[in-house]
Amino acid sequence: MKSLRFAKLSLVAVSLLGVASVATAQLLADFTGKWNVTVEGPQGPLMSDLDLTQSGDAVSGKFSSEVGEAPVKGKTWGDSLRISLELDMGGQALSLQIVGASKDKNNIEGVIEAEGMGSFPFAAVRAQ
């Protein structure tokens, strides 16, 4: 009787671990890929590109726009992303923090925080 009860409890525990693993995998967004980014700046929309590679919770890549290019580094947690970069604006460095969350596997929304200039909303769509 005790061994039957133990077997049932073991089966329930294994089942719960499987469900937890699937749920965890679904919560972790994959930001790897090329993204077309639209930043709502003070002079109107600014188009940019973001090329990301994700390894675990670490993200790296390259940000490109008409104002310059820069390598990016950052972290993910769940469906959220935070990356940093420094653009060279004619010899002056501009530090940017990009903070966003995936709406679904092909869309990210958030804000770009420009040091000394404020925050600007952005939307990114995975390039096809």
Side-chain angles (χ1 to χ4, degrees):
M1 186 73 163
K2 284 185 180 182
S3 62
L4 181 59
R5 183 180 225 172
F6 181 74
K8 286 181 181 178
L9 287 174
S10 295
L11 183 59
V12 168
V14 168
S15 296
L16 289 175
L17 285 174
V19 169
S21 296
V22 169
T24 300
Q26 290 175 346
L27 292 176
L28 301 176
D30 181 12
F31 293 100
T32 297
K34 295 184 185 294
W35 298 86
N36 299 321
V37 181
T38 303
V39 180
E40 294 301 326
Q43 271 44 36
L46 173 67
M47 303 304 290
S48 322
D49 294 313
L50 193 55
D51 191 358
L52 299 176
T53 302
Q54 182 175 340
S55 178
D57 67 349
V59 177
S60 61
K62 184 170 114 178
F63 177 86
S64 305
S65 74
E66 63 186 49
V67 293
E69 294 182 352
V72 301
K73 281 184 154 183
K75 294 244 179 227
T76 67
W77 61 99
D79 67 349
S80 298
L81 167 76
R82 182 175 190 93
I83 54 179
S84 302
L85 65 128
E86 208 167 275
L87 281 175
D88 180 359
M89 306 276 296
Q92 214 170 21
L94 175 63
S95 295
L96 301 174
Q97 298 288 319
I98 299 174
V99 180
S102 65
K103 290 178 51 181
D104 57 43
K105 70 178 187 169
N106 293 316
N107 293 279
I108 305 170
E109 288 185 351
V111 295
I112 296 182
E113 301 167 0
E115 185 178 45
M117 298 176 67
S119 298
F120 306 97
F122 81 88
V125 177
R126 191 180 298 273
Q128 299 301 329

Q: Would you say that K62 contacts S64 through its side chain, given a criterion of any heavy-atom pair below 4.5 Å between the two side chains?
A: yes

Q: Is it the case that one hydrophobic cluster holds both L81 and V111, taking links as side-chain heavy atoms less than 4.5 Å apart, direct or via other members?
A: no

Q: Once you round to the nearest 0.5 Å, how far does OG1 of T32 lie from CZ of R126?
A: 7.5 Å

Q: Answer yes or no: does atom CD of E40 have more than 12 heavy-atom neighbours from other residues, nucleotides or ligands under 6.0 Å?
A: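 Above 12, so yes.
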
Q: Determine, step by step, whether K75 and D57 satisfy the salt bridge (charged side-chain N to carboxylate O under 4.0 Å, His left out) criterion, reporting the C-alpha distance in whole Å, the side-chain angles of both residues, the deciding distance to 0.1 Å, and the verdict.
A: CA-CA 5 Å; K75 294 244 179 227; D57 67 349; 3.8 Å; yes

Q: Within this structure, what is the CG-CD distance for the pair L85 and Q97, rounded to the nearest 0.5 Å?
A: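 If we round to the nearest 0.5 Å, L85:CG and Q97:CD are 8.0 Å apart.
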
Q: Taking atom CD1 of I108 and atom NZ of K103, what is their separation to the nearest 0.5 Å?
A: 11.5 Å

Q: Within the 4.5 Å heavy-atom criterion, are Q54 and D30 side-chain neighbours or not?
A: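 Yes; the side chains approach each other to less than 4.5 Å.
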
Q: Within this structure, what is the CG-CG distance for the pair N36 and N106, rounded to the nearest 0.5 Å?
A: 11.0 Å

Q: Considering non-hydrogen atoms only, spot the tightest contact between F120 and P42 and give its length.
A: CE2-CD, 3.4 Å

Q: In a check of side chain to side chain contact (heavy atoms under 4.5 Å, CB included) between F63 and each of D49, I83, I98, which one passes?
A: I98

Q: Should L94 and V72 be counted in the same cluster of Ile, Leu, Val, Met, Phe, Trp and Tyr side chains packed under 4.5 Å apart?
A: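 Yes, same cluster.
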
Q: Should V37 and V99 be regarded as members of a common hydrophobic cluster, given that ILVMFWY residues are connected when their side-chain heavy atoms come within less than 4.5 Å of each other, either directly or indirectly?
A: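 Unlinked, V37 and V99 end up in two clusters.
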
Q: Quick one: closest heavy-atom pair of N107 and W35, and the distance?
A: N-CZ3, 3.9 Å

Q: Tell me the closest heavy-atom pair linking G56 and T76, and the distance in Å.
A: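 So the minimum-distance heavy-atom pair works out to O-OG1, 4.0 Å.
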
Q: Can you find a heavy atom in the side chain of E115 that is under 4.5 Å from one in the side chain of E86?
A: no

Q: If I take atom CD from residue E109 and atom CZ from residue F122, how far apart are they, to the nearest 0.5 angstrom?
A: 8.5 Å

Q: Within this structure, what is the CE-OG distance for the pair M117 and S95, rounded to the nearest 0.5 Å?
A: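 Answer for the CE-OG pair, M117 versus S95, is 12.0 Å.
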
